[in-house]
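Written below as structure tokens is the structure these notes are about.
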Amino acid sequence: ILNVEQSPQSLHVQEGDSTNFTCSFPSSNFYALHWYRWETAKSPEALFVMTLNGDEKKKGQISATLNTKEGYSYLYIKGSQPEDSATYLCAFERYNAGNMLTFGGGTRLMVKP
Amino acid sequence: DVKVTQSSRYLVKRTGEKVFLECVQDMDHENMFWYRQDPGLGLRLIYFSYDVKMKEKGDIPEGYSVSREKKERFSLILESASTNQTSMYLCASRPGLSPQHFGDGTRLSIL
């Protein structure tokens with residue numbers, strides 16, 4: 001079983017704070033790193049799929065970076081809003097693994113108004 | 001928009017029962033997946049299928065089986081439900097190498 005870890009496990013911030021969290025994954029046989037956002041009572045939705053070392057992706061106030069050589073990705077949220085409250089999941093895709101993803105445990109973000 | 005539909009949002013069953021969880025996707029995706037989600041453990045892969053009648057074990061297949069008779073439908077079967085299978089179950093589909101599309105989940109309680 002591959003080791004994909006996310007930290008912190010949970011995070012409470014005030015509206016307007018910027019925040020970031022980490023996903024670490026194996027640095028060998030890398031194919032892609034996925035980020036998903038999972039709001040309560042909804043289904044997880046894809047944020048980013050990152051494939052190249054040094055990649056940076058942005059969607060609104062959310063951005064992500066990727067370091068495949070050292071095996072980590074950061075997700076940043078600038079100026080958090082209450083509607084950003086969700087669990088953020090990363091998933092590692094190994095080369096030649098038949099489209100399987102290995103998920104981390106998630107970071108649960110709560111943004112207080 | 002891709003739609004992945006799971007048959008029930010909430011389900012309560014008894015120990016020893018045979019339980020079927022159904023998942024249907026409407027976009028002709030080759031790959032379909034079943035996960036369970038438990039607090040602090042993230043999503044763990046139970047089984048996946050890359051084509052009709054094809055299946056592969058994931059990380060935690062014990063106590064489960066699957067069926068994929070048609071491309072759009074992927075069923076998860078708990079052969080003899082036990083209390084440690086109480087969990088949230090998520091189905092997903094994926095067209096090749098794009099992101100996965102998830103259903104809304106089934107919260108299953110085994111009494």
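The structure presented is a predicted model; accordingly, all values stated were derived computationally and were not measured. Side chains are part of it too, since the values below use all heavy atoms of this structure and drop only hydrogens, waters and symmetry mates. Chain letters run A, B, ... following the sequence lines, proteins first, then strands; residues in each count from 1.
Considering every non-hydrogen atom in both A:Ala46 and B:Pro99, the closest pair reads CB-CB, 3.5 Å.
Residues A:Tyr72 and A:Val49 do not share a hydrophobic cluster, clusters being chains of Ile/Leu/Val/Met/Phe/Trp/Tyr side chains in contact below 4.5 Å. A single hydrophobic cluster is not seen to contain both B:Tyr47 and B:Tyr50; linkage of ILVMFWY side chains at heavy-atom distances under 4.5 Å, directly or through other members, places them apart. Both B:Phe74 and B:Ile46 sit in one connected hydrophobic cluster of ILVMFWY residues. Membership requires side-chain heavy atoms under 4.5 Å apart, directly or through other members. Neither B:Leu43 nor A:Val4 shares a network with the other; the hydrophobic side chains, linked directly or stepwise wherever heavy atoms of I, L, V, M, F, W or Y lie under 4.5 Å apart, form separate groups for each. A continuous path of ILVMFWY side-chain contacts below 4.5 Å connects A:Leu66 to A:Leu47, so both sit in one hydrophobic cluster.
Between A:Trp38 and B:Leu90 the shortest side-chain heavy-atom distance falls below 4.5 Å. The shortest side-chain heavy-atom distance between A:Asn99 and B:Glu30 does not fall under the 4.5 Å cut-off. Residues B:Leu41 and A:Phe103 fail the side-chain proximity criterion, which asks for heavy atoms closer than 4.5 Å.
Ranked by heavy-atom pairs under 4.5 Å with chain B, the first of A:Lys42, A:Glu45, A:Met100 is A:Met100. Contact tally against chain B (heavy-atom pairs below 4.5 Å) for A:Pro44, A:Gly104, A:Ala32, A:Gly105: the top residue is A:Pro44. Comparing B:Pro39, B:Gly58, B:Ala92, B:Gly42 by heavy-atom pairs within less than 4.5 Å of chain A, the highest count is held by B:Gly42. Contacts with chain A were tallied for B:Val4, B:Asp38, B:Asp104; B:Asp104 has the most, counting heavy-atom pairs under 4.5 Å.
In this structure, A:Glu15 places its CD atom where more than 12 heavy-atom neighbours from other residues, nucleotides or ligands lie under 6.0 Å away. The environment of CZ in A:Arg108 is sparse: at most 12 heavy-atom neighbours from other residues, nucleotides or ligands sit within 6.0 Å.
Close approach to chain B, defined as a heavy atom under 4.5 Å from one of its heavy atoms, is seen in A:Leu89, A:Glu93 of residues 75-95 of chain A, taken by number.
Heavy atoms of B:Arg9 lying under 4.5 Å from chain A belong exclusively to its side chain. In this structure, the portion of B:Phe33 lying under 4.5 Å from any heavy atom of chain A is its side chain and not its backbone.
Interatomic distance, CG of A:Leu101 versus CG of B:Leu45, reported as 8.5 Å (0.5 Å rounding).
With hydrogens and angles ignored, the 3.5 Å screen pairs a side-chain donor or acceptor of A:Tyr36 with a backbone N or O of B:Gln100.
Residues meeting the ring pair (Phe, Tyr, Trp, His ring centres under 6.0 Å) test with A:Phe48, sequence neighbours left out: none.
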